[in-house]
A.B. asks: 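Right, I'll just put the structure down here and ask away after.
A note on names: the letters A, B, ... follow the listed sequences, proteins ahead of strands, and every chain is numbered from 1. The model shown is predicted, which means the values in this text are computed figures rather than measured ones.
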Number of protein chains: 2
Amino acid sequence: MSRTNESGSGGLRLGVFLDAAGHYASAWRHPAAPTERFFRLEYYKHLAQTAERGKLDMVFFSDRYGIPDRYGDSFHATVKSLHSARLDPFTLIAALAGATERIGLAATVSTSFSEPFHVARQFASLDLLSGGRAAWNVVTSTSDNEARNFGGDRIPDHELRYERAREFLEVANGLWDSWEEDAFVFDKRAGLYAEADKVHYLHHRGRHFDVRGPLDVPRSPQGRPVLVQAGSSNTGRDFAAGAAEVVFTAQPSLEGARAFYADMKARAAAYGRSPDAIKVMPGMMPIVAATEAEAKETEALLAEFADPVAGLAILSDQINYDLSVHPLDGPVPELSEATGMQSRLQLVAKLMQSDSLTLRQLGRFYGGSRMHRKVVGTPVQIADFMEEWYKREACDGFNIMPPYLPDGLETFIDGVVPELQNRGLFRTEYEGATLREHLGLPRPVFQARS
Amino acid sequence: MSRTNESGSGGLRLGVFLDAAGHYASAWRHPAAPTERFFRLEYYKHLAQTAERGKLDMVFFSDRYGIPDRYGDSFHATVKSLHSARLDPFTLIAALAGATERIGLAATVSTSFSEPFHVARQFASLDLLSGGRAAWNVVTSTSDNEARNFGGDRIPDHELRYERAREFLEVANGLWDSWEEDAFVFDKRAGLYAEADKVHYLHHRGRHFDVRGPLDVPRSPQGRPVLVQAGSSNTGRDFAAGAAEVVFTAQPSLEGARAFYADMKARAAAYGRSPDAIKVMPGMMPIVAATEAEAKETEALLAEFADPVAGLAILSDQINYDLSVHPLDGPVPELSEATGMQSRLQLVAKLMQSDSLTLRQLGRFYGGSRMHRKVVGTPVQIADFMEEWYKREACDGFNIMPPYLPDGLETFIDGVVPELQNRGLFRTEYEGATLREHLGLPRPVFQARS
C-alpha cells in the first residue's frame, strides 16, 4: 500500500454513505427498491452487515431537521417525488451498534439546534456501547426550514453558525475529558468506586454556552468519537482543518479534488496537526456491473425515472433559494441570492460555466449524484478510478454513495472491494478494534480542564 | 386473571427498572457485581434478554444530567461511594432495540433542557426501529446541578417546569401526528412516493416553543411511544393524569398505594380518560432466594456494605438540599428548605413521624431502596405480596427494582415469574407485538393539526 499513517496501516479509507433508498433521487423508483422496508431495522442491519462483510471503515448517515419545502414554498414536491421521510440517524446507528461488531458508525448532528451536553453524552455513550466505533459528522445546518422547528424564523448567518460550532466543539471536547482513563478503582472492600480527583469540572463560560460539567459518562474507548466535517467555504475548511479528522467533500474532478486535498492538508499543518491526522474522503457514486454495458443500462434506468422537480427540490433546499419561480425550460438563473451550502453554489456555478443547461436539465442532473463524482463501469474500471485518485493524492479514500439500495451496495462490496484487495489497496480483515484504528487516526490525549 | 383492559388481556404489568449495578446503593460492592462490564453493551443485552425471557412488559432506565454534587457541595461523595457514571439511557435502549425482539424499551428524557423536535424525532425513530416498543418517561428534572450543564444556575421552579412539560408534550404529540397512517403510496411507475395532503404542518406557537413541523419521521407503529410519568405533587399527578399512560411511583405502604391508585384513576377519569388507559406501577425491590433465611442473608450482606454517606448523597440531590451540614449522628433536620422531588420529601417526613432516626441511619435506610417498597423472601412470598397489592387495587403491576445485578434480576425471572404465571397473574407468552399491546393500552387516534 502506497501511504502509511500513524497507526502503521495503509491503504484506502472507505465509508459508505447510506440512506433508505440510495443517492440517486429516483432510487426509490428502481424496481428492486424495497420501499416497504425503508423504516425497518432489519433493512439497515442488512446494509450495515453487508458493508461490514466488505471490511469498510464505517457507515455514514447525513441529516437535516424537517422536510425540505423551499421549492415552491411547500413540501409537496419533496413528499411526492422523493423518499423524504427518514429516521433520526443517531438513533439508527445506536440500534446498529447492537447488530454489528466491527464497522464504524457515523451520524450527523447539527450544532445549531442542540445542547453540547446532550450531544457529547449521546456520542460518548455510543462509543462505549459500540466498543469504540462512533463518529459524529458535525454540521451547522443551512436552511430556514430547519430553524422553524426550533423557535427560529431564519437560519443564523454563516459566520455565526460556525462561531457557535467552534464553541460547541470546545465544550464537547472538554466534556469528553471529564473522567481520566484510570478514574475507576472498583475497590469493593474499601467502598471506593472511583477516585474523585480524577473527575473534572469543565466550568465553560462562553458566548453561546455555559456548561459546568463534568460529563457523567466516563471516557470512551476512542477518547472521543471520530469527528467528521464537510465544510467547503473558507470558514468551513478552516473549521474542519482545526477540528475534523475526516473531511467529506463533493469533488467532481480530479484537479479539483487534488487542490482540495492539498489545501486541507496544508490547513491542518498550519494548526500544528499531522497531515495524516485528517482524512479527506470525497463522495463517490459507483454504478457497478459485470460489464460496462450493463452498468450503463442501470444508469439509464435510473435516469429514465429521474424527475427534474425532485432534483430541483433538493437543490433549492441546499442553497436556500426557491428555484420554482423560474421556468423549467428556461436557463438556470443567477444564484446571487442563494445563501445555503457554499459547496453546492460553487459547483453549480462551475457547471454552468462549461455547460448551458436548462433548469429541467439541471434538476435531472443534480438529482443524479448531487455534484458528487459518479463512476460507471466494471469493478476493474471503478477500482482504476479509485486507485488513480488515491495515488495522485486527490483523496485518502472515499465515502461511497450507492446509487440505489441494497443492490448498489452489494455490487460494490462483492465486485469492487475484492478488486481493491487484490491490488493491495484495501484491507482483507479488520486489523484494529476501533474506528480510529480502522482509519489510522491518533487517539486524543486526555487533558483536564480544571 | 382478575382485571381486564382495553386489549382484552389481563394480569399484572411488569417492568424492570435497570441501571448498571442495581438499586441498593451498595449494590456495586456485592461480590458478584460485574463492575468491569458496567459500560458494555453485552451486559445490558444480557439483562434485557433475561427480562424478555420472563415475558416482562418493558425495561426502564431513569436519568439525570450530571453527577450529583449537592452533598457537601461536591461530587466527591458520589464518585467515591456510588456507581455514579452512567450511559445515556436513550442511546442504550436504541442499542437494545437491535438485540431484543419483543420487550418494551423505556428511557427517561427531561423536558426542561431539550427541544421537542429532537425528542419527538428520536422516540418516533426508535418506535419504528423497534417495531413499536418505545416508551418515554417524561420528567422535568429537579436539581440545580443539572441546570448548570445547560446554561442555567438554578433549576426553574416547579410550576414553570410543569408548564413547559405540558407544552413540550403538546408539541411532541402534534409532531407524532405529522404523517397520516396511509400517507405512503410508493407508486414507482407514477413517481408518487407519498400523498402530500396526508402530511401536516403543526404551526405550534406557544410560550416556550415555536415549532412549525411537520416531523420528517412517519407515524410509528404505536402512533406515539408509551408515555410514562412519575409525578407525585398535586401538579405532577395532574400532569400524569392528563398525559401519562404508565405512572411510576414510590409507595412503601399498601394503604398509601391504594389511595394513590384510586386518586390517579379518578384524576384520569376527570380528564375523560378510561381508568384502564393509565397503568399505575409502583416500584418494588424484591430480594429473592429459595428460603426466607437466604433472602435475609442477601439483604444483610447488602446492608453490611451500605455507606450512609452514599444514601445521603442520593437524597441530598433528590431534594436539592445539602444534608452534609448536619452531624451524621444527630437527628434528621427539618427539611423545609428542600425543594426537589416532592415524593421524597413527603415520604421522608412520613418516615420521621413514625421513627426517630439519626442522619446516619436515614442514609443507610435511604440507600436501600430509596423509599420504594422492599420485599424479602421466597418466590411464593414475593408473589403473595404482589398478588395482594394487585387484587386490592393498589397497583396495575410493578416496576421491579433488582437490588443488585445481574443475580437480583435472574432470581426474580426464574423464581417469581413462574410463580405468578402458575397463579394466572402473568402472561406465559407475549400476546401482542407492541408495548401498547403488552400493557393493554389504546393506540392513539391520528389527529391532524392543520
A.B. asks: Using a strict cut-off of less than 4.0 Å between a Lys/Arg side-chain nitrogen and an Asp/Glu carboxylate oxygen, indicate whether A:R212 and B:D144 qualify as a salt bridge.
C.D. replies: no

A.B. asks: Go through A:L87, A:T78, A:L126 and name the one with the most non-hydrogen pairs under 4.5 angstrom from chain B.
C.D. replies: A:L87

A.B. asks: Out of A:S26, A:S74, A:G98, return the one with the most heavy atom pairs under 4.5 angstrom to chain B.
C.D. replies: A:G98

A.B. asks: Measure the spacing between CZ of A:R29 and CZ of B:F186 and express it to the nearest 0.5 Å.
C.D. replies: 14.0 Å

A.B. asks: Specify which of B:G191, B:A99, B:A97 makes the most heavy-atom pairs with chain A at under 4.5 Å.
C.D. replies: B:G191

A.B. asks: Mind checking the CG-OG spacing from B:L192 to A:S81? Nearest 0.5 Å is all I need.
C.D. replies: 9.5 Å

A.B. asks: For the residue pair B:Y201 and A:F75, categorise the inter-ring angle as parallel (less than 30°), tilted (30 to 60°) or perpendicular (more than 60°).
C.D. replies: tilted

A.B. asks: Looking at A:G213, is its backbone amide N or carbonyl O close enough to the side chain of B:N149 to form a donor-acceptor pair, meaning the two atoms are under 3.5 Å apart?
C.D. replies: yes

A.B. asks: Is the shortest side-chain N to carboxylate O distance from B:K80 to A:D197 below 4.0 Å?
C.D. replies: no

A.B. asks: Taking side chain as everything from C-beta outward and backbone as N, CA, C, O, which of these in A:R189 sits under 4.5 Å from a heavy atom of chain B? Side chain, backbone, both or neither.
C.D. replies: backbone

A.B. asks: Starting at CZ of B:F90, measure out to CZ of A:F90 and round the result to the nearest 0.5 Å.
C.D. replies: 8.5 Å

A.B. asks: State the CG-CZ distance between A:D216 and B:R64, to the nearest 0.5 angstrom.
C.D. replies: 7.5 Å

